[in-house]
Number of protein chains: 2
Amino acid sequence: MSAVPSRRRTGRDQLLAVALRLFARDGIQATSLQDIADEAGVTKAGLYYHYKTKDEIVLDVLRPLLDALPAVTRRAEAHRTRTARVDEVLGGLIEIALYEHSGFAVLMQDPYLTRLLGQQESMRQWWDGTSTLILGPDPDPQTRIGLAMFINGLAGAGRDPAMTPLDDRSRRQALLECGRRLLRCD
Amino acid sequence: MSAVPSRRRTGRDQLLAVALRLFARDGIQATSLQDIADEAGVTKAGLYYHYKTKDEIVLDVLRPLLDALPAVTRRAEAHRTRTARVDEVLGGLIEIALYEHSGFAVLMQDPYLTRLLGQQESMRQWWDGTSTLILGPDPDPQTRIGLAMFINGLAGAGRDPAMTPLDDRSRRQALLECGRRLLRCD
DNA sequence: GTCTATATTAGGATAGAC
DNA sequence: GTCTATCCTAATATAGAC
């Protein structure tokens, strides 16, 4: 294991943080390499030392998210009861939506990314598997739609003004309650 | 009242239909005037006879939506009981999400539009008023977040595969049920 | 690892013919 | 009302110096 001295925000790490902020604020397509370079205090050419293309930056920015989602599902698969699996998935998704909410919103909603990932179908497959895991093989439409509303609403609800007065624990609790109501697990 | 002979898809109407489809599929920013012109079978310059700028096209595409949302709120204001107002708002939003779901998704989620409208704050004001109308002046956080999840989830749920097997009436019913659960009106 | 300078392409927008 | 031709700008990307 190599040493990680002082965890300085340098090189790629800093670029990724800047890029994510701009992607979340303006959308990926509207964020130019110039914008990222300016904000990071380097030149456009400087970016190309680290990344060959813009898409490479985009995918690297969202790498933590793209890894975290399947991890949630794997943890849920370990449970034996449906209730436990549902709680694991809802809790895991909420955790991600709250703590990486910029990335989660980009991942769920940005049209640029939808196209980029759509080519590899990985997201859709993950979601199919996860849905089946918590809904069962032949779910009733109402519950399926409730789940769709939850996952789609999570990104938006996570950054809603209604969240501001709440502390972390209350936020998790409120979102979990939404999920349970939609899935009729209350 | 002028005659509307044969309702031909011509001129602006056809351009708007094409533009909306591309905006919904690829995002506004990723849709160039060239793309719209190609798909509509005209040249880029042809677009400029009808519209001076791209933003003008964008706003005209979404005009029906931007008019429909305040109309829902006005109808809801006419009711005296909270329950009736909630049903009017939920029903109205669902109607829009189902029958203009491309436009609704663009309106709710496209970063380009968020910026364009953000400058005039009109959407935020409409939503503030509508929230207050159905939640009351001092709502509890859980219900506020439930409403946020509903409005944000509606766009995504409206085009989810889970909708496919259902007819129109069942779709409306399922989405209404989601809203009622989130707002605890069941 | 970051810079200056530049190639190349695409996008928004305009002028003026038909 | 639509076309051809063109302008200008900005965006992705590369070459090569420091």
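We name chains A, B, ... by the order of the sequence lines, and we start the count at 1 in each one. Reckoned from all heavy atoms, side chains included, excluding hydrogens, waters and symmetry mates.
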**Student:** Round to the nearest Å and state the distance from A:Asp55 atom CG to D:dA11 atom C1'.
**Tutor:** 14 Å
**Student:** Expressed in angstrom and rounded to an integer, what is the separation of A:Asp13 atom CG from C:dG1 atom C1'?
**Tutor:** 15 Å
**Student:** Using the salt bridge (charged side-chain N to carboxylate O under 4.0 Å, His left out) rule, collect all pairs that involve residues 28-40 of chain A, keeping only residues at least two apart or in two chains.
**Tutor:**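 Qualifying pairs: A:Arg21-A:Glu39.
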**Student:** Return the value, rounded to whole Å, for the distance between atom CD1 of B:Ile36 and atom C1' of C:dG11.
**Tutor:**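 Atom CD1 in B:Ile36 sits about 12 Å away from atom C1' in C:dG11.
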**Student:** Could you please name the option among D:dT12, D:dC3, C:dG11 that lies closest to any side-chain atom of A:Leu33?
**Tutor:** D:dT12
**Student:** Which salt bridge (charged side-chain N to carboxylate O under 4.0 Å, His left out) pairs, counting each pair once, include a residue from residues 68-78 of chain B, with sequence neighbours left out?
**Tutor:** B:Arg75-B:Glu88
**Student:** Give a yes/no answer on whether the side chain of B:Thr43 brings an N or O atom under 4.0 Å of OP1 or OP2 in D:dC3.
**Tutor:** yes
**Student:** Bend across the helix from C:dG1-D:dC18 to C:dC18-D:dG1, to 10°, with axes taken over 5 pairs at each end?
**Tutor:**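 The helix from C:dG1-D:dC18 to C:dC18-D:dG1 shows an end-to-end axis angle of 10°.
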**Student:** With sequence neighbours excluded, tell me which residues meet side chain to side chain donor-acceptor pair (under 3.5 Å) with B:Asp138.
**Tutor:** none
**Student:** Does B:Glu121 come within less than 4.0 Å of B:Arg124, counting only side-chain N to carboxylate O?
**Tutor:**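 Counted as a salt bridge, because a side-chain N and a carboxylate O are separated by less than 4.0 Å.
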**Student:** Applying salt bridge (charged side-chain N to carboxylate O under 4.0 Å, His left out), which residue pairs with at least one partner in residues 93-114 of chain A are found, sequence neighbours left out?
**Tutor:** A:Glu95-A:Arg172
**Student:** Specify the separation, in whole Å, of atom CD of A:Gln34 and atom P of C:dG11.
**Tutor:**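 For the pair A:Gln34 CD and C:dG11 P, the rounded distance is 19 Å.
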**Student:** Starting at NZ of B:Lys44 and ending at P of C:dG11, how long is that distance when rounded to a whole Å?
**Tutor:**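 Taking NZ of B:Lys44 and P of C:dG11, I get 7 Å after rounding.
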**Student:** Could you name each residue pair satisfying side chain to side chain donor-acceptor pair (under 3.5 Å) that touches residues 143-159 of chain A, not counting sequence neighbours?
**Tutor:**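 Pairs touching residues 143-159 of chain A that pass the test: A:Gln109-A:Arg159, A:Asp140-A:Thr143.
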**Student:** Using side chain to side chain donor-acceptor pair (under 3.5 Å) as the criterion, list what pairs up with A:Thr53, not counting sequence neighbours.
**Tutor:** none
**Student:** Listed in order of residue number, which residues of residues 45-54 of chain A have a non-hydrogen atom at under 4.0 Å from DNA chain C?
**Tutor:**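 The answer is A:Ala45, A:Tyr49, A:His50.
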**Student:** In whole angstrom, give the distance that lies between atom CD1 of A:Ile57 and atom C1' of D:dA11.
**Tutor:** 13 Å
**Student:** Which residue pairs satisfy the side chain to side chain donor-acceptor pair (under 3.5 Å) criterion with at least one member in residues 57-69 of chain B, sequence neighbours excluded?
**Tutor:** B:Tyr51-B:Asp60
